[in-house]
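Working notes, structure below.
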Amino acid sequence: VLITFPISIWTCIKIIKEYERAVVFRLGRIMSKKAKGPGLILILPCTDVFIKVDLRTVTCKIPPQEILTKDAVTTQVDGVVYYKIHSAVSAVANVTDVHSATFLLAQTTLRNVLGTKSLAQLLAGREEIAHNIQTILDSATDHWGIKVARVEIKDVRIPVAMQRAMAAEAEAAREARAKVVAAEGERNASKALKQASLVLTESPAGLQLRYLQTLTTLAAENNSTIVFPLPINMLEALGQKNRGG
């Protein structure tokens with residue numbers, strides 16, 4: 001290096017980008033137990049070997065996994081894991097291929113966690129399940145120098161027959177609720193009519209006013225036929241007269 005200094009200096013100087021770190025091995029040992037960079041670093045051609053590590057967030061797409069849920073329903077679930085390397089030395093020294101190891105671990109964890117959930121829990125609690133998977137992955141990959149930032153469950157696919165059964169169940173539940181609501185409305189209406197009849201019974205003049213209000217409503221609709229209601233007591237009097245005759 002000293003003899004060929006004007007030429008060899010260019011092979012000794014390496015540039016590390018802002019989002020990268022260099023793990024330098026000198027005679028097989030990691031120098032200073034800490035990654036170097038960013039900027040210029042000095043490498044000895046004969047004794048040093050360095051490995052660049054990217055510290056940017058990595059998106060790991062988990063392909064659809066066929067999973068048997070707790071209630072024996074076959075589903076296909078896929079997801080996305082976002083992680084980044086926070087310790088370049090651990091990522092290089094503790095695992096052969098940190099990205100492949102994280103990908104396989106994410107697949108296995110997704111299958112194991114979802115296998116303990118029922119279909120209803122899987123459909124309703126995606127955020128909670130994703131948080132549990134993130135916690136498990138983060139603790140398992142910590143000694144690899146990995147920090148799991150986020151886990152998302154993208155899609156849950158269920159068989160067509162199960163979709164039809166769930167749709168029929170939901171429709172039946174909605175119809176049952178509609179019948180209950182209608183029955184509740186009929187009960188409230190009957191109570192209101194009962195109270196109204198009691199009020200009209202106590203005030204005969206109020207009943208006549210109600211008749212007039214009904215006529216006003218019919219006249220407002222531009223009808224050619226107008227119905228004149230007869231008081232009920234008049235009909236009762238006529239009936240008694242006929243029976244007496």
Side-chain angles (χ1 to χ4, degrees), residues 1-67 76-116 125-156:
V1 173
L2 294 177
I3 294 174
T4 61
F5 180 75
I7 299 175
S8 62
I9 189 62
W10 300 107
T11 62
C12 295
I13 296 177
K14 302 297 180 181
I15 299 176
I16 305 300
K17 298 178 181 178
E18 181 67 30
Y19 55 84
E20 293 178 337
R21 296 296 182 270
V23 180
V24 181
F25 291 86
R26 177 165 295 172
L27 298 177
R29 294 178 177 274
I30 297 177
M31 292 184 58
S32 69
K33 301 298 181 180
K34 186 178 180 181
K36 293 187 177 182
L40 295 176
I41 63 173
L42 183 63
I43 299 296
L44 298 179
C46 300
T47 59
D48 293 352
V49 177
F50 76 98
I51 299 175
K52 287 184 180 181
V53 178
D54 197 329
L55 302 183
R56 291 177 293 182
T57 300
V58 179
T59 303
C60 175
K61 296 182 180 179
I62 304 176
Q65 304 292 308
E66 189 170 353
I67 298 168
Q76 286 189 342
V77 183
D78 57 352
V80 182
V81 178
Y82 300 92
Y83 67 91
K84 63 186 300 184
I85 297 175
H86 69 86
S87 176
V89 175
S90 299
V92 172
N94 295 343
V95 62
T96 304
D97 188 346
V98 65
H99 297 292
S100 177
T102 304
F103 173 71
L104 295 176
L105 183 61
Q107 283 185 327
T108 306
T109 305
L110 179 67
R111 296 174 65 90
N112 292 339
V113 172
L114 296 183
T116 61
R126 291 190 182 186
E127 294 184 1
E128 182 180 357
I129 294 174
H131 181 70
N132 293 338
I133 295 174
Q134 177 185 348
T135 303
I136 295 173
L137 285 177
D138 196 26
S139 61
T141 58
D142 184 64
H143 68 285
W144 296 347
I146 296 293
K147 175 63 179 177
V148 179
R150 191 176 183 86
V151 176
E152 291 290 343
I153 297 177
K154 291 177 58 180
D155 193 13
V156 178

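Atoms considered below: every heavy atom in the structure, side chains included; atoms not considered: hydrogens, waters and symmetry mates. Small disclaimer: the values here were computed from a predicted structure and weren't measured.
Scanning both residues, Ile62 and Asp78, for their nearest heavy atoms gives O-CB, 3.3 Å. Nearest heavy-atom pair across Val95 and Ala101 is CG2-CB, 3.9 Å. In terms of heavy-atom proximity, Gly115 sits nearest to Ile67 at N-CG2, 4.1 Å. Between Val23 and Ala35, the closest heavy-atom pair is CG2-CB, 4.3 Å.
Taking CE of Met31 as the reference point, atom NZ of Lys36 lies at 3.5 Å (rounded to 0.5 Å). Between atom NZ of residue Lys84 and atom OG1 of residue Thr57 there is a gap of 5.0 Å, rounded to the nearest 0.5 Å. Atom CG in Leu110 sits 12.0 Å away from atom CG in Asn132 (nearest 0.5 Å). Residue Gln65 holds its CD atom at 10.5 Å from CG of Asn112, rounded to the nearest 0.5 Å. Between the CZ atom in Arg26 and the CD1 atom in Ile43 there is a gap of 7.5 Å [rounded to 0.5 Å]. Note that CZ of Arg21 and CD1 of Ile85 are 11.5 Å apart. Values are rounded to the nearest 0.5 Å.
In this structure, Arg150 is not positioned above the aromatic face of Tyr82 in the sense of NZ or CZ being under 6.0 Å from the six-membered ring centre and within 45° of the axis.
Other residues, nucleotides and ligands contribute over 12 non-hydrogen atoms within 6.0 Å of the CD1 atom of Ile13. At most 12 heavy atoms of other shown residues, nucleotides or ligands fall within 6.0 angstrom of atom NE2 in His131.
Side-chain N or O atoms of Asn94 include one that pairs as donor or acceptor with a backbone N or O of His143 at under 3.5 Å. A donor-acceptor pair is defined here as one N or O able to donate and one able to accept, closer than 3.5 Å; no such pair exists between the side chain of Glu20 and the backbone of Pro38. Side chain of Thr116 to backbone of Val113: a donor-acceptor contact under 3.5 angstrom is found.
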Residues Ile51, Phe25; criterion side chain to side chain contact (heavy atoms under 4.5 Å, CB included); working and verdict: CA-CA 8 Å; Ile51 299 175; Phe25 291 86; 4.0 Å; yes
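Side-chain contact check for Gln134 versus Tyr83: every heavy-atom pair is 4.5 Å or farther apart. Side-chain contact between Val80 and Val151 is absent, with no heavy atoms from C-beta onward closer than 4.5 Å.
The salt bridge (Lys or Arg N to Asp or Glu O under 4.0 Å) analysis of residues 125-145, with sequence neighbours excluded, yields the pairs Asp138-Lys147.
Each of Val53, Leu40, Ile41 was checked for a side chain to side chain contact (heavy atoms under 4.5 Å, CB included) with Ile16, and the lone residue meeting it is Ile41.
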